[in-house]
Every structure is written in C-alpha cells, then in structure tokens.
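Scroll down for the structure; my scribbles are underneath it.
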Amino acid sequence: MYNLMELTDLKFQPGIDKQDSPYAAGDDRRYIDSDFVRFHYGKPERWNGWGYLPNPNTTIVGVVRDTHAWISLDGQRHLALGTDRKLYVFGGGIFNDVTPIRSGPDALTNPFTTNGTTTVSVADTAHGAEQGDFVTFDSFSAIDGLDMNNEFEITTITDSDNYTVTHTSTASGSTAGGGGTGNANYQLSIGLATSTFGYGWGTATWGLSTWGTPRSSSAVVIYGRNWSLDNFGEDLIATVINGGTYKWDLSGGVSNRAAIITNAPTASRFSLVSADTRHLFCFGTETTIANTATQDDLFFRWSDREDLTDWTPVATNEAGSLRIADGSRIVGGVKSTGQILVWTDKSLHGVQFVGTPYTFGQRQLGANCGLIAQHACIDVNGKAYWMGENSFYMYDGVVKKMPCSVQDYVFDDMSFTNRNDIACGLNSEFNEIIWYYATASATQIDRGVVYNYLENTWYTITLDRTSWLAAEVYEQPIATQYSTTLTANSATILGLTAGASYVYEQEKGNNQADGTAISASLTSGSIEIASGDNLMSVSKFVPDFTNLTNNVAVTLTLEQYPQSTANVTTTGNVTSSTQKIDVRGRGRSVSLAFVSNAINDTNWRLGSMKLQLRPDGRR
C-alpha cells in the first residue's frame, strides 16, 4: 500500500517487454516500447547520432551487404564494402571501385551505333552481359561527338551479341558502326539488391495453371547478392555468394581491381581466413574445383597454410576438405576462440586445427539451432550469438536458447523473403548486438532488435542499416543505409540508374547525418497504484533526468481498467530545471510516455521518477 501524500519511487527494470500485456509488464515494472532509446547500466538513455563517411556528397552504388576493415603494415586503415553491384575499398577519403573484371579486355572494332539520341548500341559477340552490368571502354575514337571512353551501366540487352548504353550527351548524328578500335572490360555481373521469390519453372505445384502462365505464388527464394570479406595479411579476400573468390592486392594500389584467386573454387557460399593458421576456407563449395555443377551446400575445403593457390590435398601440404552431415546447407560462420564456428540451417559445428595428417576436424556442437542468414551471427569474446528461424541462441561451450522479451514482436513481423538479408553487428561501447531485419510489409531492412549481452536486456529500434561494423579499426561503428531512389555520386558512371548507399559513422554527434533531429521515445507498462476496487489520486510527478539540455515531453495516463477508455491524460514538458509536473487525476494504474525530438538533443538519461499519491473514492 502507498502511504498518504508520500512520494512513491517508480523503479523500472531495464529493457523492453513486448511479450506481455501492458498491465502484465507494468506489474513487473517494465517498459513496453521504445525507439532510439537504449538501456545502459540499467537505465534508459537516448541514442547518439551519426555522420556521413566521408561527407554527404559521397554515396556508393548498390546496397551494402558486408563490410570489413583492417590495417596495413604501414599503419593505413582500409575499409572494404561489398554491394549487389560493386566491390569497394575505402582509403584516403575515397571509395575506390575494385570490382573484379569478368571479361576483358575485349578488342573491338567500330562497335558503336548512334541514332541521334543518347542511346548507343554496342556490338560485341557473345558479350555475356546482363542488364545493369558495368562495362568500361578505352582507346576508342569519338563518334558523332560522343566520347565513349568511360564506364557505363548497360541499359538493355538486345541479344547475345548486342546491347545498349546511355550517354549523358546526345549524338550529333546517326552512324552505323563507328568508334575505331579499342577495348571493353566487363565487370562481375550484378546480383539482386534483395532476396526475392522466384516465379519461374518449378516454383508451384504441377498443373496449377496453364502452360507458360506466370505463377502468382512461390516457395522458392532467390538470394540477393551477398559477400564475405576478410583479409589475408594486407590483402583483401572477397567471395561473392555462390560465386568466385577474389583477392585485392594492396601492393597494386587503389586502381588495382580484385582478381580471381588461381586454383581456388569457382562457386562457394562464403569464405574466411583462419586466424591462427592462415588457411583460406571456402564453405558450401565445389567437390571438384572449377566445376560449378559439383557445388555442395554442405561441403567445405581449405587451402594450404599461407598459400591461397594450393587447394589439392597431398602428403606435403595442409589442404583438405570435409562435409557436414546435419542440415541442407551451410549458412554462415565466424572465427571464435580456438575454432571456427559454422552453422547450417539446422545445426552448429566447430572446426578446429588438429594437425597432420588431417589438418582440421569438425564436430557437431548443437542441433535444431540453425542460422537464419549468412550475416546473422557474431562472436563476442569467445561467445557466439545468432538469430535462428524463430529464436535467438548463444554458444559459450553449450548451445542455449536465449530468453527474449521481444521475441514474438520480432519473429511474428518478419519478412520471410528478406530474412536472407539480415545483418548483425556489434556496438561494443554499449555492449550491444544488433540484428537488422525487414518487417513483413517491407521489401528492405527497416528495423533492428538489440541485445545488451552484459545486462541481458532487449529493445527494438526503427533504424534501417544493411551492414554494421564494430568500432575496432575505426573509432566509431561503420554502418550503411540503402535507398532505392538515390543515385550514387562517388564515381562517374554514364547511364547509372538509382539504388545507392550512404556510409555512416555511428555514435557520433546528436543528430541524424542530414542534421535533422532523432525522435526518441519510451513507454512504460501500466503500473498498478491501487489495490482491489480502490482508486488513488495522483497530484504530482517528479522527473529525474541527467544530461538534459532540451525538452522531453512526458505523458501520464491514469487508467481504471485494462480496457478502459475513460482515462485521464496529463502532458508536460521537462527541462533540466523542472522540479515537478502537477497532475490532477485518479485511477488504479498509471503509464508514462517520454518523447524528445529536438535538434542537437543530448543523450539524456532517465533516472528514478516519483509520483505523489493519496487514496481516493471510487466515484
């Protein structure tokens, strides 16, 4: 019971509870909703802001699906970013396009045909390109006033021997076959920006509709373009999902493109470099190297120690291979203490160095605990955390299902198609692991779920980040945001279509990168202040904020019953000098809501709040 006219302390537990009703959460003194509010040292505080890397005038082509940072021997920092359309290395304040060359240089003679517009037809026998691919021409003569020695995005595919590109200028005439002699270099073909359903042959039941009619439903998901990035000493290793493995040689300079690794598998799901022994692993790869038809989603192999090009196991090297038995495909993996952790869609396995003659061995660590997406797992100080099909898990020597106070909220509103695009990141300053995912009604990532691994608390956030890199090489976390309507401006590419990403330094400043305010909010459950049929009158609310420079709007709602509509609501603004807010109302429970939305708002912290209560009549 509350004593007459005493100030009653409202002691809330940290974290968000979306599993219970507002009343049930209030019984346990829990918050039920938040946005851009984290829980740190047991108390809620507003998120920090973020800024552009390197500036607001720089964006990159495509949606970023993986990032990796490392430091070269001369102390220079390097940041690699893999998108659905490009591969970049950031250094010296510039995003350098290091996308591998698929074909070229193709020597061509008079390949260009103009028609008095910006459209130029290009003839190249068996070019192998797809719409949206990138090609760079060099050494050609101008045709009808158009300089074709540039990089272009391919606009349309006419047939296997011809395609069109779009120039920024209009041709002064119409010429069939011109430009003299020169070269065409075709970059690695683009992938899908997001995972999507396939509607072609075999996606639905036999006889569902007439022959040649597109199906309206599908259970087949086509993966969006994904990358796995790691470094081998100073050099970058990059594997494109279900494709080749490439090396970007730092010694070749920023103009050097990544190149296929000689003798390496040509079709793998992902790769990584073992931390202690420096073997390159390819997972979900070919049983016969260079034969993509032999790609086995449960098979993995590794190169010889310190040798990226030696993959054939013999008595004099440490190359080898193994196959995982449980599951239908290898999904992802991370380097952990003393082993590599590898997940299938059903299980967890540990790969350890065992020495000659076997080099590596693998053992199953858990069953029925599969990984939902390639980048949905992370290792923090020897403990692994990951998102499964409908639960969160951790491994600290034993696989454990993690209690989650927002579990239903997350998994009941998740896009089935886009779950392959989930991105996981570490925010070590605040002991947070963040999973970014797309909700059921979205086609892109639009929300995050956060776990504080030291305080065992959960909360959610409406932040759309397609990748997140911990603050290790860089002082701040590096994250990326994608826009389907934004056209990249980091390089001169003629005919470039929309679809680009901003790169951000997170936990920097107090605003969003464009200078607008971050709207932070926090809502409590309904706290019971009276028992039985009794009511309590509330006359005063005493706030407790630290580091508060702007206003925080506070709303108190006094309720009589859980489903009552006859509630009494009081709203006031709290500043750093506010001692109390007068309240006039009564009820059996009270809920509180806080909102701040000001430019340069500080990361205020909410402390211990109090209410002045007294017993009141029933009428």
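Using a 3.5 Å distance cut-off with no hydrogens or angles, the side chains of Asn600 and Asn511 do pair a donor with an acceptor. If you check the side chains of Asp464 and Gln444, you find no donor sitting under 3.5 Å from an acceptor. Using modelled atom types and a 3.5 Å distance limit, the side chains of Ser521 and Asp35 yield no donor-acceptor pair. Residues Asp133 and Tyr163 have side chains that never bring a donor and an acceptor to within less than 3.5 angstrom of each other. Under the 3.5 Å distance criterion, with hydrogens and angles disregarded, no donor-acceptor pair is assigned to the side chains of Gln374 and Arg65. Between the side chains of Glu505 and Tyr474, no donor-acceptor pair is found at a separation under 3.5 Å. Inspection of the Ser195 and Asp421 side chains reveals an N or O donor paired with an N or O acceptor under 3.5 Å. Checking Thr155 against Thr164 by side-chain atom types alone, no donor-acceptor pair falls below 3.5 Å.
Panel note: side chain His375, backbone Trp227; a donor-acceptor pair is recorded below 3.5 Å. Put simply, the side chain of Thr156 never gets that close to the backbone of Thr158: no donor and acceptor are under 3.5 Å apart. Within the 3.5 Å criterion, the main-chain N or O of Leu236 finds no donor-acceptor partner in the side chain of Asn231. Of the possible donor and acceptor atoms, one in the side chain of Thr480 sits under 3.5 Å from a partner among the backbone N and O of Ser467. Thr114 places no side-chain N or O within 3.5 Å of a backbone atom of Val120 that could act as its donor or acceptor partner. The backbone N or O of His78 sits nowhere less than 3.5 Å from a side-chain atom of Trp70 that would complete a donor-acceptor pair. Not a single donor-acceptor pair under 3.5 Å links the side chain of Asp147 to the backbone N or O of Ala142. The main-chain N or O of Val61 is found under 3.5 Å from a side-chain atom of Thr83 such that the two form a donor-acceptor pair. The backbone N or O of Ala440 sits less than 3.5 Å from a side-chain atom of Asp413, completing a donor-acceptor pair. Judged purely by atom type and a 3.5 angstrom limit, Asn149 uses its side chain to pair as donor or acceptor with the backbone of Ser139.
Closest of all the heavy-atom pairs between Ile154 and Ala129 is CD1-CB, 3.5 Å. Shortest non-hydrogen contact noted between Ser519 and Phe36 is O-CD1, 3.6 Å. Closest approach of Ala184 and Val135 over heavy atoms only: CB-CG2, 4.1 Å. Taking every heavy atom of both residues into account, Glu286 and Pro265 meet most closely at OE1-CA, 3.3 Å. The heavy-atom pair separating Arg46 from Asn510 by the smallest distance is NH2-O, 2.5 Å. Of all the heavy atoms in Leu341 and Ala384, the pair that sits closest is CD1-CB, 3.5 Å.
Side-chain contact between Ile461 and Trp47: present, with at least one pair of heavy atoms (C-beta onward) separated by less than 4.5 Å. Residues Arg447 and Met414 have side chains not in contact (no heavy-atom distance under 4.5 Å, counting atoms from C-beta outward). Ile340 places a side-chain heavy atom less than 4.5 Å from the side chain of Ser274. You'll find the side chain of His68 reaches within 4.5 Å of the side chain of Asp230, heavy atoms only. Inter-residue side-chain proximity for Val240 and Tyr246 is flagged as met; some heavy-atom pair is nearer than 4.5 Å. Phe392 places none of its side-chain heavy atoms less than 4.5 Å from the side chain of Tyr451. Within the 4.5 Å cutoff, side-chain heavy atoms of Cys424 are placed close to those of Ile433. A heavy-atom distance below 4.5 Å is found between the side chains of Phe270 and Ile330.
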Evaluation steps, side chain to side chain contact (heavy atoms under 4.5 Å, CB included), between Ile261 and Ile237: CA-CA 9 Å; Ile261 296 176; Ile237 304 297; 4.0 Å; yes
Step-by-step side chain to side chain contact (heavy atoms under 4.5 Å, CB included) determination, Trp50 to Gln512: CA-CA 6 Å; Trp50 53 89; Gln512 298 185 50; 3.5 Å; yes
In sequence, state the C-alpha distance, the side-chain angles, and the governing distance for Trp468 and Asn427, and then conclude on side chain to side chain contact (heavy atoms under 4.5 Å, CB included). CA-CA 9 Å; Trp468 181 286; Asn427 193 0; 4.0 Å; yes
Candidate pair Asp138 and Asn185, rule side chain to side chain contact (heavy atoms under 4.5 Å, CB included), full reasoning: CA-CA 9 Å; Asp138 69 80; Asn185 283 282; 3.8 Å; yes
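If you take CG on Asn256 and CH2 on Trp248, they are separated by 7.5 Å, rounding to the nearest 0.5 Å. Expressed to the nearest 0.5 Å, how far CG of Leu192 lies from CZ of Arg225 amounts to 8.5 Å. Within the model, atoms CD1 of Ile222 and CG of Asn420 stand 11.5 Å from one another, a figure rounded to the nearest 0.5 Å. We find the CD-OG1 distance between Glu153 and Thr166 to be 8.5 Å, quoted to the nearest 0.5 Å. The line from OG1 of Thr239 to CG of Asn226 is 11.0 Å long, rounded to the nearest 0.5 Å. Distance check, rounded to the nearest 0.5 Å: NE2 of His127 to OG of Ser160 gives 6.0 Å.
A cation-pi arrangement is absent between Arg85 and Phe134, since the terminal nitrogen or guanidinium carbon is not both under 6.0 Å from the aromatic centre and inside a 45° cone about the axis.
Ring geometry for Phe281 against His279 counts as perpendicular: the plane angle is over 60°, on a 0 to 90° scale with 30° as the lower cut. Between Trp435 and Trp458, the ring-plane angle classifies as parallel under the 30° and 60° cut-offs.
Atom NZ of Lys335 sits in a crowded spot, with more than 12 heavy atoms from other residues, nucleotides or ligands closer than 6.0 Å.
Checked against Val503 for a side chain to side chain contact (heavy atoms under 4.5 Å, CB included), the options Tyr88, Phe95, Tyr52 give a single hit: Phe95. For the ring-ring contact (aromatic ring centres under 6.0 Å, His included) with His167, the lone residue among Phe137, Phe112, Phe152 that qualifies is Phe152.
Applying the salt bridge (charged side-chain N to carboxylate O under 4.0 Å, His left out) rule to Glu432 yields the partners Arg38; only residues at least two apart in sequence or on another chain are considered.
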